[in-house]
Student: 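Here's a structure for you.
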Amino acid sequence: MQLTNLLFLAGVASALPQMTADNLAAGPSGNEVQITGIAFAGSGCPAGSVSGQLSSDLTAITLLYASFVAQAGKGLSASEYRKNCQLNVKLKYPQGWQFSVFKADYRGYAQIPKGDTGTCKATYYFTGDSKQISSTLVLKGPYDDNYLKTDQFGVESTVWSPCGVEGLLNINSEVRLSPADSTRNALLTVDSTDLKFTQVHYLQWQKCNK
């Protein structure tokens, strides 16, 4: 899978140290956390189909998708029933700190007939760490409306960034319609994703062990 760069990526993530609950702290100020780059790839975000807007303080990014659409119906191939997008977000933050997965909002539209279901799933992990966390939203038909999926994780069930200056956060999201052999028309889209890296509301911090 080839990643398309939306912003310049640079730097190498450090190894993840062991942490204890005693290390939890208020964390650095929001303006010390920066998004230094993002890349994407997948059937739901082919090259040229994603646009991004970075906040002026580089702590929040909104991604808009033109092709993140799962469709079902007569004459459609099986590959249209599921679409995915792999995001790689590179962050820079002060030495001696690491953060947990923040909060993300996924907005879209679903048109699902009675008896069918639509699934929105996101998996989060950091490069170099085997631990992952996932969240899933299931929409049961009949459903014909916009939807909002919000992911937010507590300290006890999250993943932590590498202990260093930069960390590469991976987010694998997908939309899927079922049953896969349905001949009834159905639609499930992801229109935008807001990734918030502001410490006050969306980040949890802890100090690295020396």
Side-chain angles (χ1 to χ4, degrees), residues 1 3 6 13 16 18-19 21 24 35 38-46 50 52 60-65 67-72 78-91 98-110 112 116-141 143 146-163 167-180 186-199 201-206:
M1 180 173 62
L3 292 174
L6 190 61
L16 183 69
Q18 285 190 334
M19 291 290 126
L24 295 178
I35 301 171
I38 186 165
F40 58 89
S43 58
C45 53
V50 180
I61 186 169
T62 297
L63 302 175
L64 301 175
Y65 301 90
S67 303
F68 209 160
V69 181
Q71 299 180 78
S79 62
E80 295 297 318
Y81 287 70
R82 178 186 178 274
K83 294 296 177 73
N84 81 293
C85 186
Q86 172 79 24
L87 294 176
N88 302 138
V89 183
K90 180 148 289 188
L91 304 178
Q98 60 180 167
F99 70 93
S100 65
V101 170
F102 50 97
K103 173 182 175 181
D105 291 332
Y106 298 80
R107 297 180 180 90
Y109 170 75
I112 304 169
D116 290 4
T117 60
T119 301
C120 249
K121 181 179 179 180
T123 301
Y124 303 81
Y125 62 97
F126 285 95
T127 297
D129 187 3
S130 60
K131 186 177 179 181
Q132 300 182 351
I133 51 174
S134 297
S135 70
T136 303
L137 171 69
V138 177
L139 302 173
K140 296 183 178 180
Y143 190 100
N146 297 316
Y147 71 88
L148 171 64
K149 175 180 181 288
T150 298
D151 294 343
Q152 191 168 9
F153 301 96
V155 64
E156 72 284 350
S157 61
T158 193
V159 292
W160 290 94
S161 66
C163 200
L168 185 61
L169 172 64
N170 302 281
I171 306 171
N172 193 343
S173 53
E174 70 170 271
V175 288
R176 183 177 69 252
L177 292 165
S178 59
L187 184 71
L188 181 57
T189 77
V190 176
D191 298 328
S192 68
T193 304
D194 296 329
L195 304 178
K196 301 294 186 181
F197 295 99
T198 349
Q199 183 267 329
H201 297 293
Y202 300 110
L203 284 184
Q204 299 181 63
W205 292 90
Q206 64 184 7

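Each residue takes its place number in the sequence, starting with 1. Scope of the values below: all heavy atoms of this structure, side chains included, with no hydrogens, waters or symmetry mates.
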Student: Go through the structure and list residues passing side-chain hydrogen bond (donor to acceptor under 3.5 Å, both in side chains) with Asn170, not counting sequence neighbours.
Tutor: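 Per chain and number, Asn170 pairs via side-chain hydrogen bond (donor to acceptor under 3.5 Å, both in side chains) with Asn88, Thr127.
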
Student: Looking at every non-hydrogen atom in both residues, tell me the closest pair between Phe40 and Cys45 and how far apart they are.
Tutor: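 So the minimum-distance heavy-atom pair works out to CD1-O, 3.2 Å.
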
Student: Closest approach of Leu177 and Ala70, non-hydrogen atoms and distance?
Tutor: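 That would be CD1-O, 3.4 Å.
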
Student: How far apart are the closest heavy atoms of Pro179 and Tyr81, and which atoms are they?
Tutor: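 For Pro179 and Tyr81, the tightest heavy-atom pair comes out as O-CE2, 3.7 Å.
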
Student: Could you go through Phe68 and Cys85, starting from their C-alpha distance and side-chain angles, then the distance that decides it, and tell me whether this counts as side chain to side chain contact (heavy atoms under 4.5 Å, CB included)?
Tutor: CA-CA 8 Å; Phe68 209 160; Cys85 186; 3.7 Å; yes

Student: For Tyr125 versus Gln132, what's the shortest heavy-atom pair and its separation?
Tutor: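 In this case the closest contact between Tyr125 and Gln132 is CB-CG, 3.7 Å.
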
Student: Got a sec, which residues hit side-chain hydrogen bond (donor to acceptor under 3.5 Å, both in side chains) with Ser43, two or more places apart in sequence or on another chain?
Tutor: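 Result, side-chain hydrogen bond (donor to acceptor under 3.5 Å, both in side chains) vs Ser43: Asn84.
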
Student: Looking at CG of Leu188 and CD of Gln71, how far apart are the two atoms once the value is rounded to the nearest 0.5 Å?
Tutor: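 That separation rounds to 10.5 Å.
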
Student: For Tyr143, check ring pair (Phe, Tyr, Trp, His ring centres under 6.0 Å) against everything at least two apart and list the hits.
Tutor: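 Tyr143: no ring pair (Phe, Tyr, Trp, His ring centres under 6.0 Å) contacts found.
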
Student: Which atoms form the tightest heavy-atom contact between Ile61 and Ile38, and what is the distance?
Tutor: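 Of all heavy-atom pairs spanning Ile61 and Ile38, the closest is CD1-CG2, 4.1 Å.
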
Student: Looking at every non-hydrogen atom in both residues, tell me the closest pair between Ile112 and Gly118 and how far apart they are.
Tutor: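 Reported closest heavy-atom pair: CD1-N, 3.6 Å.
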
Student: Can you tell me how far apart NZ (Lys121) and OG (Ser135) are? Round to the nearest 0.5 Å.
Tutor: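 So the gap between those two atoms works out to 9.5 Å.
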
Student: What residues, two or more places apart in sequence or in another chain, satisfy side-chain hydrogen bond (donor to acceptor under 3.5 Å, both in side chains) together with Thr123?
Tutor: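 In terms of side-chain hydrogen bond (donor to acceptor under 3.5 Å, both in side chains), with neighbours along the sequence ignored, Thr123 is linked to Ser134.
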
Student: With sequence neighbours left out, what residues match Ser178 under side chain to side chain contact (heavy atoms under 4.5 Å, CB included)?
Tutor: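 Side chain to side chain contact (heavy atoms under 4.5 Å, CB included) list for Ser178, sorted by chain: Thr117.
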
Student: Does the side chain of Leu87 reach to within under 4.5 Å of the side chain of Leu63, using non-hydrogen atoms?
Tutor: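 Yes. Closest side-chain heavy atoms under 4.5 Å.
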
Student: Working to the nearest 0.5 angstrom, can you tell me the gap between Leu169 CG and Lys90 NZ?
Tutor: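 Leu169 CG to Lys90 NZ: 11.5 Å, rounded to 0.5 Å.
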
Student: What verdict does the side chain to side chain contact (heavy atoms under 4.5 Å, CB included) test give for Asp191 and Tyr147, after you've listed the backbone C-alpha separation in whole Å, the side-chain angles of each residue and the deciding distance to 0.1 Å?
Tutor: CA-CA 10 Å; Asp191 298 328; Tyr147 71 88; over 6 Å; no

Student: Taking only residues two or more places apart in sequence, or in another chain, which ones meet Lys149 in a salt bridge (charged side-chain N to carboxylate O under 4.0 Å, His left out)?
Tutor: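 If we apply the salt bridge (charged side-chain N to carboxylate O under 4.0 Å, His left out) test to Lys149, skipping adjacent residues, the hits are Asp151.
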
Student: Could you walk me through whether Val175 and Thr189 pass the side chain to side chain contact (heavy atoms under 4.5 Å, CB included) check?
Tutor: CA-CA 7 Å; Val175 288; Thr189 77; over 6 Å; no

Student: Is any side-chain heavy atom of Tyr106 less than 4.5 Å from a side-chain heavy atom of Cys120?
Tutor: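 Not in contact.
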
